[in-house]
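Reading through the structure tokens given below for one structure.
Letters A, B, ... are given to chains in the order of the sequence lines, protein chains preceding strands, and every chain is numbered from 1. Values below: all heavy atoms of this structure, side chains included; hydrogens, waters and symmetry mates excluded. Source: prediction; values computed, not measured.
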Amino acid sequence: MESEQAIEISEVRNMLEIKQLTVAVEDKEILHDVNMAIKKGETHALFGPNGSGKTTLLMAIMGFPRYQVTRGNIIFKGEDITKLPLDERARLGIGMSFQRPPVVRGVKTRDIVAACLKGRGNEEIIGQLAEKANLADFLNREINYRFSGGEIKRSEMMQLLAQKPELSLLDEPESGVDLTNIALMGELINKLLEKDCPIRTRKCTGLIITHTGHILNYVNARTGYVMFDGRIACEGDPHEILATIKEKGYRECARCTK
Amino acid sequence: MHKVKSSKTHRDRAKAALTKAAAFGEDIDLSSYVSSAEEQPYQDDPSGLPAKAKEQMLGVGVILDDVSQRSGTFIQTDNTPVHSSIRQEGIEVMSTRQALEKYDWLSDYWWNAVPVDTDKYTANVELSQHNGYFIRALPGYKTIYPVQACLYLKRARLAQNVHNIIIAEEDSELHIITGCTTASSEEAGLHLGVSEFYIKRGAKITFTMIHSWNPEVAVRPRSAAIVEENGLLLSNYVIMKPVRSLQMYPSARCVGENAVVRYNSILVAAPRSSLDVGSRAILDAKGAKTEIISRAITTGGNIIARGYIEGNAPEVKGHLECRGLILQREGMIHAVPELKGNLAGVDLSHEAAVGKIAEEEIEYLMARGLTRTEATATIVRGFLRVDIEGLPPMLRAELQRAVVASEKEIM
Ligand SMILES: Nc1ncnc2c1ncn2[C@@H]1O[C@H](COP(=O)(O)OP(=O)(O)OP(=O)(O)O)[C@@H](O)[C@H]1O
Ligand SMILES: [Mg+2]
């Protein structure tokens with residue numbers, strides 16, 4: 001009974017809720033008892049040292065089969081999606097930009113953007129999206145094949161803009177991106193997350209992994225988390241957290257009990 | 001009787017090679033096939049051919065109801081040339097028998113690129129000749145539309161022996177689409193096709209061959225090309241329907257400076273199909289270039305995908321790319337890329353990859369909302385889409401159509 005009530009509440013306010021989530025990869029437990037709630041229209045930031053489990057969390061939310069949920073629940077728009085296959089989650093409205101997406105030989109960037117658009121696309125729309133992401137010359141190239149680091153990031157964002165997910169999971173969208181392009185990335189993310197829309201009517205919600213926090217100079221985030229050894233060690237104002245990490249390092253930050 | 005000057009020696013050499021096994025492929029017992037078939041009526045208007053035959057020919061890119069997009073047409077059913085015509089000045093299309101009667105000089109080309117005693121199949125073609133096509137572009141003439149040729153196997157258990165000669169004279173341009181298919185979807189048959197290509201200085205040939213056989217047919221094409229200075233041969237081969245046994249290893253020799261050869265092959269092996277297909281380029285002159293690309297998919301059959309590039313002159317460049325996808329649990333792909341450099345200054349490379357579609361790639365597309373089946377289809381389609389440089393847009397579209405038409409069988 002109690003859990004049903006919780007679901008009702010989450011339906012009203014939370015786009016994503018993660019409850020006591022434990023995730024294993026190849027029988028090795030990586031995430032332990034992770035809890036998180038992101039309200040509709042909000043953007044949250046996820047910090048944490050290399051190997052702490054940030055990508056693992058995003059992959060588990062997206063539903064990649066290698067990432068086994070051994071305990072806990074993932075609730076999206078009030079619906080428990082813990083057992084839902086990857087592609088159904090995507091069609092429900094979850095999208096992800098990858099830290100290191102694979103090259104798919106023979107498949108052109110255009111084909112993927114068209115697939116993301118589903119029935120909604122045409123040549124003109126695809127062209128405009130590419131223009132926006134400064135990738136006009138890339139549409140006929142094989143996806144991710146010999147793309148530079150920054151090109152991969154922009155291409156991931158272009159695909160998400162085509163897909164229009166309600167929940168965007170962005171894995172290090174700014175790493176390896178130069179100073180000019182980071183402003184462009186900020187612009188693309190703001191568009192993706194409907195930042196020009198007032199929060200009350202905004203649907204698009206985001207969870208962004210960042211090491212440097214640079215992207216937060218362009219994209220407003222409401223809450224920050226620190227992942228440490230597969231646990232959420234800290235939750236609070238993202239700028240404060242970032243300042244603490246910079247000053248004292250992750251280990252100190254994880255020790256703090258705020 | 002044709003007037004090939006050295007026909008005596010050809011016949012002698014052929015007789016001596018009648019039992020010579022081929023270098024590759026299952027040995028086909030020629031005695032289990034018949035060599036004669038009833039004469040077929042000649043058709044002045046190719047649209048007069050039976051509807052079923054026309055439909056099958058259409059499946060391999062040969063359009064007979066409206067030939068306005070073709071600069072010439074040649075159709076041979078079993079052993080009989082049933083139609084040949086041209087629609088453009090500077091192009092010649094006829095049966096090889098007619099050509100041998102018309103041109104004394106043709107003997108210089110006869111068994112020149114392909115040795116008559118290569119193996120028992122070439123020997124058999126010489127000793128039991130059933131025509132074939134002669135296609136030639138006169139010096140300086142450039143075709144806009146392709147010439148189309150169809151070799152149609154109708155009689156059950158027939159061994160169809162054809163000898164084709166293709167000549168692009170200096171500075172000419174010739175586009176050819178050739179389709180080979182069979183009337184029956186189950187009767188055994190054997191197709192032995194010798195093709196000799198001569199690309200003169202500055203000439204260009206694009207040759208697109210589509211095969212559609214049945215699970216009982218054996219096929220042994222034997223083809224070779226000689227490419228002179230600044231000449232270009234662009235050869236594309238597509239087989240996506242079942243066949244019992246196919247073995248071929250076309251070869252091109254670049255004898256003139258800066259000659260270029262490109263081979264593209266798209267191979268699909270259904271269960272019980274056996275394909276042994278390679279492409280070979282011998283770079284004998286300075287600055288010659290080649291690119292050999294093959295894409296092999298098995299849905300249960302066996303494929304050996306070979307490639308061979310030999311560099312014998314300075315500043316030659318060659319690249320071999322062979323990729324294979326195993327879509328089912330059964331099926332085998334064996335990639336055999338070979339490079340041989342005989343002096344410093346050659347630049348030869350290859351890449352080969354064989355396996356199933358990477359799960360990571362399928363999941364990447366699924367994360368964009370595609371189902372597993374849609375994701376797989378997208379990747380297979382991309383895999384089969386070889387961007388063929390230099391192919392006229394119309395032929396590119398037709399090649400693409402042939403690939404798409406067969407997609408559902410693969411999936
Ligand atoms: N397939 C796997 N097999 C074994 N261990 C894995 C696998 N995938 C991830 N891990 C491990 O899980 C831990 C968390 O990895 P994850 O990629 O989530 O870290 P991250 O926080 O995103 O790090 P980074 O900042 O370097 O991107 C790491 O120790 C990693 O080696
Ligand atoms: Mg990571």
Side-chain angles (χ1 to χ4, degrees), chain A residues 58-67 84-121 140-145 152 155-156 158-169 171, chain B residues 238 264-268 293-297 319 321-327 333 335 350-389 393 396 399-400 403-404 407 410-411:
Chain A
L58 262 50
M59 298 296 263
I61 298 170
M62 192 70 234
F64 282 85
R66 279 166 63 83
Y67 297 78
L84 216 58
L86 164 65
D87 56 321
E88 287 182 37
R89 293 189 204 190
R91 290 195 294 275
L92 264 191
I94 305 180
M96 175 161 177
S97 79
F98 293 83
Q99 190 176 1
R100 275 183 295 269
V103 172
V104 191
R105 293 298 304 269
V107 175
K108 299 199 169 164
T109 306
R110 172 191 306 282
D111 303 335
I112 288 219
V113 177
C116 289
L117 283 162
K118 293 182 204 80
R120 292 176 280 118
N140 287 326
R141 280 178 57 173
E142 293 170 275
I143 188 72
N144 300 329
Y145 184 59
I152 282 184
S155 146
E156 289 293 300
M158 168 170 68
Q159 293 172 53
L160 285 186
L161 282 166
Q163 196 183 341
K164 281 187 185 253
E166 283 175 79
L167 173 65
S168 293
L169 309 168
D171 199 346
Chain B
V238 178
N264 297 292
S265 314
I266 295 175
L267 315 170
V268 176
I293 293 177
S294 80
R295 297 273 190 276
I297 289 188
H319 183 68
E321 181 187 309
C322 177
R323 292 203 277 132
L325 272 188
I326 301 172
L327 286 188
I333 297 177
H350 77 73
E351 57 180 296
V354 172
K356 66 178 168 101
I357 301 176
E359 195 57 23
E360 193 193 11
E361 296 173 20
I362 295 177
E363 288 175 355
Y364 183 52
L365 296 185
M366 287 173 75
R368 303 299 184 222
L370 300 188
T371 63
R372 174 168 290 274
T373 310
E374 288 166 344
T376 308
T378 302
I379 294 170
V380 169
R381 200 174 305 137
F383 181 83
L384 292 175
R385 181 175 52 204
V386 184
D387 279 328
I388 297 166
E389 210 182 303
R396 189 181 303 206
L399 195 59
Q400 196 53 34
V403 170
V404 170
E407 242 174 44
I410 299 169
M411 302 306 302

>> Please determine whether a side-chain nitrogen of the Lys or Arg among A:R100 and A:E156 lies less than 4.0 Å from a carboxylate oxygen of the Asp or Glu.
In response: no
>> Ignoring hydrogens and geometry beyond distance, is a side-chain donor-acceptor pair present between B:E374 and B:T378 at under 3.5 Å?
In response: no
> With a 4.5 angstrom heavy-atom cut-off, which part of A:M96 approaches chain B: side chain, backbone, both or neither?
Replying inline: backbone
> Got a second to check how far A:D111's CG is from B:I379's CD1, nearest 0.5 Å?
Replying inline: 11.0 Å
>> Using a 4.5 angstrom heavy-atom cutoff, name the option from A:L86, A:D87, A:L92 with the most pairs to chain B.
In response: A:D87
> Between A:G95, A:A162, A:P101, which residue shows the highest count of heavy-atom pairs closer than 4.5 Å to chain B?
Replying inline: A:P101
> For A:N144, is it the side chain, the backbone, both or neither that has a heavy atom under 4.5 Å from a heavy atom of chain B?
Replying inline: side chain
> At a heavy-atom separation under 4.5 Å, does B:R323 approach chain A through its side chain, its backbone, both, or neither?
Replying inline: side chain
>> Do B:L327 and B:I357 have side chains that approach each other closer than 4.5 Å (heavy atoms only, starting at C-beta)?
In response: yes
>> If you define the side chain from C-beta out and look only at heavy atoms, does anything of B:R295 sit under 4.5 Å from B:R385?
In response: no
